[in-house]
Each structure stands twice: as structure tokens, then as C-alpha cells.
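Contents: one structure, followed by commentary.
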Amino acid sequence: MKIFHTADWHLGKLVQGVYMTEDQRYVLNQFLQAIDEEKPDVVVIAGDLYDRALPPVEAVDLLNEMFEEIVLKRKVPVLSIAGNHDSPTRLEFGSSLMKECGLYIVGELDDKLGPIVLQDEYGEVHFHLVPFAEPSTVKNVFQCESIHTYDDAMKTIIGKIEENMDQTKRHVFVGHAFVTHSGEKGENTSDSERPLAIGGSECVNAHYFEPFHYTALGHLHKAHFVLNETIRYPGSPLKYSASEANHQKGFLIVQLDEKGQVSVEKRNFAPRRDLRIIEGSIHEILKHDYCEDYVFVRLTDLTPVVGAMEQIRTVYPNAMHVERKTIQRTENAEENIKVRREQLDDITLFKAFHKEMMGTEPTEEALQLYREVLEELLLDERETKEAVVAK
């Protein structure tokens, strides 16, 4: 079976105030062309179809257009789940009717966890679609009081799936999570992806996915595998922040043979406009050739530059951000390092703020209280969005 694995479309995404809808349409048209050329048996979208729970009309129209092109015109089934940016109830609306034409969308987690079964020339392939869900949601669905973290939640879900797995069939897991080798804390691959939890409790152990022949993940924006080459992130189709400037964006073509052995090919997209970082003095940058890429500019001038953005946009009309390159000496004054606050995690920022204001490092009790407050804020944000959608 040939599977196209993609994720994290984030339709309706704003980058530095610029809607990326036309750039998304540009690469998704390449995705359609690849479907025409490769003739996949199924397309898997592993969450975050939209960038927020209430997407703009243009984003909804684009997703509808893509589903129409893939499912109705090309007769290729699509299997999709809700990610942490999506509204589960909104995404799942009408899903029962959509199944009839080959569009399978799972937004809300339930205790049935029944697979979607597709056929190829070698028999059945069972796709287990597990949408993003808070640990509290998983605890309520399965009435399991021992669930406290995302790792606990995923372990419970996979345990339930295994209870009814037909070991004579091939199995593909589709999920949206932050998976690391052994569940240890990992670095996010993009500044544009919001954390699921604070202090590492969002991470999930990759060993849980060993019962599956292939695991199609979403959430992290850089294409990579975890533990082994059958547990994969395809990455987002576009660069959505300066931290992704060095990523190669695309999707994965997965071949699943009759024995469940997997081979994977990465297929890259050619963006309408690249997103990259340029660095230099204003004098050096103004000598560059005219270019319509999205650029984040770091000026090395030692003195302030008047009207920097206006000047830069004479060469880079789609420049998104300009900043001064900040240099800070280390304690030993042996090297220079760049400090960019937006790249620091919440706990590090809190420690720096506390030390600046109080002159001391925060106590462990203060850090724990701060973590709990942040966890509540993240949960409240998601519940508020769901309440708005429900109205």
C-alpha cells in the first residue's frame, strides 16, 4: 500500500501579520500533482489542518477545495485527525456522511478506538486514528485515574488498541503528539508550535508504538524519525517561523509491503517564496539583488539604523522582521553568543525575570507554582476556544 503522509498544514496561518493562504495553496497544488503522478492508495493528514479553532473563511475554503480534489475527483481516501490547534467538534462535523465518499476525520477521542480498514492487493491494512486529547480527557474517556501526563495517556490508548488488534493484519497508527526516544524532554522543532504542557510532561515514549508497522505523527514541524524509521514526522508543508528557516519542507511517501515492511521517501515542496534569515549591515543588505522571499533580518550595525524596515523593503519587499543582532559576553569573555528572548522556554524566561526583579533565583516551590499556573492557562485557552465553537 502506498501512503502519502502529511501533517501540520496550519491553514489560516499568520506569520508576522501575513496570511500564508496563497503560499499554502501553492504547495498543496504540488501535493495534488504528486497524487496524480504517484497514485497513492490513501492520504494521511496527522492533525493541525487549521492553525486555530476558528479558522478564517479562506482557510476553510482551501481545505474544502483540497478534500474535493483528492477524495471526490481523484477517488483517493483521506484519513485525518484533529491536532492541538484544531477544534475537535468543528473538524468532526458531518464525518459520518463523509465516510461514504472516502473522507475519514476523527476529531473527538472515544473509547471504541475502532480502526479504519482499507484494502490493497495483499489484504487489510488497519489505520488507528487517534486525535490529540488532553490527559484529563483521556482519563475521563477511559475512567482511569492514574493518567496525569501525555505519556500516561498515550500508553493507555495504545494498550486499549492492542487488546483488540488482529496480529495477522498490518497496522498503521495516526497520532498528534510530542514523541521522543524514551519520553525524555525534547526540544521543539519550531518557535511557531505552542507547547502542549510545561516542564517536559508533554513528551511521549516512542517505544509504545512498536506494535504498529508504521506510525504517522503530526505536531513537530521538522521532518524526522524517532527511535526507528517507522515512527515519523513529515514536518509542516511550509516554513512558519524563522526557527524553521533551515528546514526542508515536504511530505512522505510510505510503501507498506505485504509483510508490513516499510520504505519511506521524502518529497520536498518548492515554496512560492522561501522564508530565510539574512544577516549583515544595512549597507551590505542594500547591495543584495531584489528578492521577494520572506526574510527575517538581523542587522550587525553597531549604531541605530533610521527607517531600517523601509530601506530593507526596497530590496526585500516581503521582509517580515528586522532586529539588531545582540551580542553578550560570556563570564569568561572567551566567546560571543546571541541572545533572543523569543527562543527561550517559559521556565527559563521566568527564572531570568525573577532574578532581574528580585536579585535571586526562584525557589523550587515558586517554580512548581509557576508550572501549575501555566498548565491551567494552557488548558483554559483550549477550553475557551471549544466554548466559543460550541456557541
Side-chain angles (χ1 to χ4, degrees), residues 6 8-34 37 50-52 55-59 61-63 65-66 188-193 221-223 234-251 266-328 336-343:
T6 180
D8 297 283
W9 287 8
H10 287 276
L11 300 182
K13 180 72 175 179
L14 270 170
V15 180
Q16 296 292 322
V18 177
Y19 273 110
M20 304 301 290
T21 306
E22 289 310 309
D23 297 82
Q24 292 166 332
R25 184 188 305 276
Y26 188 86
V27 295
L28 289 177
N29 282 335
Q30 294 175 43
F31 190 66
L32 294 178
Q33 183 178 350
E37 295 170 354
Y50 294 123
D51 189 58
R52 52 185 184 271
V57 172
E58 294 80 4
D61 289 343
L62 179 54
L63 186 62
E65 179 184 327
M66 288 301 113
N188 209 326
T189 61
S190 169
D191 292 342
S192 68
E193 185 50 67
H221 287 192
K222 183 178 182 180
S236 56
L238 281 176
K239 301 174 183 180
Y240 291 133
S241 73
S243 62
E244 300 178 40
N246 293 325
H247 293 189
Q248 291 293 322
K249 300 298 187 178
F251 65 97
K266 172 83 181 303
R267 184 70 60 86
N268 291 334
F269 288 130
R272 176 171 171 247
R273 297 188 181 101
D274 197 9
L275 186 153
R276 54 197 179 92
I277 299 170
I278 61 173
E279 190 173 294
S281 69
I282 189 69
H283 181 70
E284 292 168 339
I285 291 171
L286 293 179
K287 290 182 178 180
H288 292 185
D289 293 333
Y290 183 86
C291 180
E292 294 190 351
D293 285 350
Y294 299 118
V295 294
F296 288 69
V297 180
R298 293 178 186 161
L299 291 176
T300 58
D301 299 81
L302 298 179
T303 57
V305 177
V306 178
M309 180 62 89
E310 290 77 6
Q311 292 189 64
I312 289 166
R313 282 183 171 165
T314 63
V315 180
Y316 293 100
N318 296 303
M320 288 186 156
H321 180 71
V322 179
E323 66 181 27
R324 292 275 298 282
K325 182 179 177 181
T326 304
I327 304 296
Q328 179 178 330
N336 291 328
I337 59 171
K338 291 180 291 185
V339 178
R340 301 184 66 214
R341 288 192 175 186
E342 64 267 28
Q343 290 183 341

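Computed from heavy atoms alone, side chains included, the values below leave out hydrogens, waters and symmetry copies.
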TODO: Return the minimal non-hydrogen interatomic distance between Thr300 and Glu279, and the atom names on each side.
DONE: CG2-CG, 3.8 Å

Open item on the list: Is it the case that the side chain of Gln30 and the backbone of Ala270 share a donor-acceptor pair, with hydrogens and angles ignored and the cut-off at 3.5 Å?
Closed with: yes

Task: Intermediate values then yes/no, side chain to side chain contact (heavy atoms under 4.5 Å, CB included), Lys239 and Arg276 - done: CA-CA 9 Å; Lys239 301 174 183 180; Arg276 54 197 179 92; 5.5 Å; no

Open item on the list: To check you understand the geometry: which heavy-atom pair defines the closest contact between Arg313 and Ala319, and what is its length?
Closed with: NH2-O, 2.9 Å

Task: Side-chain (Asp293) to main-chain (Asp274) donor-acceptor, under 3.5 angstrom - done: yes

- [ ] Kindly assign one of parallel, tilted or perpendicular to the pair His321 and Phe296, based on the angle between their ring planes and the thresholds 30° and 60°.
- [x] tilted

Open item on the list: Ignoring hydrogens and geometry beyond distance, is a side-chain donor-acceptor pair present between Ser190 and Lys222 at under 3.5 Å?
Closed with: no

- [ ] Please work out whether the ring planes of Phe269 and Phe251 are parallel, tilted or perpendicular, with thresholds of 30° and 60°.
- [x] tilted

Task: Approximate separation, where rounding is to 0.5 Å, of His247 NE2 and Asn268 CG - done: 12.5 Å

Task: Check: Arg324 side chain, Leu302 main-chain N or O, donor-acceptor pair, under 3.5 Å - done: yes

Open item on the list: Does any part of the side chain of Glu292, heavy atoms only, come nearer than 4.5 Å to the side chain of Arg272, both counted from C-beta?
Closed with: no

TODO: Indicate yes or no: does Arg25 engage Glu22 in a salt bridge with an N to O separation below 4.0 Å.
DONE: yes

Task: Nearest non-hydrogen partners of Glu244 and Thr189, listed with the distance - done: CG-O, 4.3 Å

- [ ] Calculate, to the nearest 0.5 Å, the distance between atoms OH and CG belonging to Tyr19 and Leu14 respectively.
- [x] 4.5 Å

Open item on the list: Closer than 3.5 angstrom, by distance alone: can the side chain of Lys266 be matched with the main-chain N or O of Gln248 as a donor-acceptor pair?
Closed with: yes

Task: Atom pair NE2/CE of His10 and Met20 - distance to nearest 0.5 Å - done: 12.5 Å

Task: Criterion side chain to side chain contact (heavy atoms under 4.5 Å, CB included) on Val305 and Val322, from CA distance to verdict - done: CA-CA 11 Å; Val305 177; Val322 179; over 6 Å; no

Task: Closest non-hydrogen atom pair, Ile282 against Ile312 - done: CD1-CG1, 3.7 Å

Open item on the list: Distance check, rounded to the nearest 0.5 Å: Tyr240 atom OH versus Asp8 atom CG?
Closed with: 8.5 Å

Open item on the list: On a heavy-atom basis, which atom in Val27 and which in Pro271 lie closest, and how many Å separate them?
Closed with: CG1-CA, 4.1 Å

Task: Distance, nearest 0.5 Å, that separates CZ of Phe31 from CE of Met66 - done: 10.0 Å

Task: Closest non-hydrogen atom pair, Gly280 against Ile285 - done: O-CD1, 3.6 Å

TODO: Answer yes or no: is there a donor N or O on one side and an acceptor on the other, between the side chain of Lys325 and the main chain of Arg298, under 3.5 Å?
DONE: no

TODO: Please tell me if the side chains of Trp9 and Leu63 come closer than 4.5 Å, counting only heavy atoms from C-beta onward.
DONE: yes

Open item on the list: Measuring from atom CG of Leu299 to atom CD of Glu284, what distance do you get when rounded to the nearest 0.5 angstrom?
Closed with: 10.0 Å

Open item on the list: Could you check whether any side-chain heavy atom of Tyr316 comes within less than 4.5 Å of a side-chain heavy atom of Ile278, counting everything from C-beta outward?
Closed with: yes

- [ ] Classify the side-chain pair Asp23/Tyr294 by whether it contains a donor and acceptor separated by less than 3.5 Å.
- [x] yes

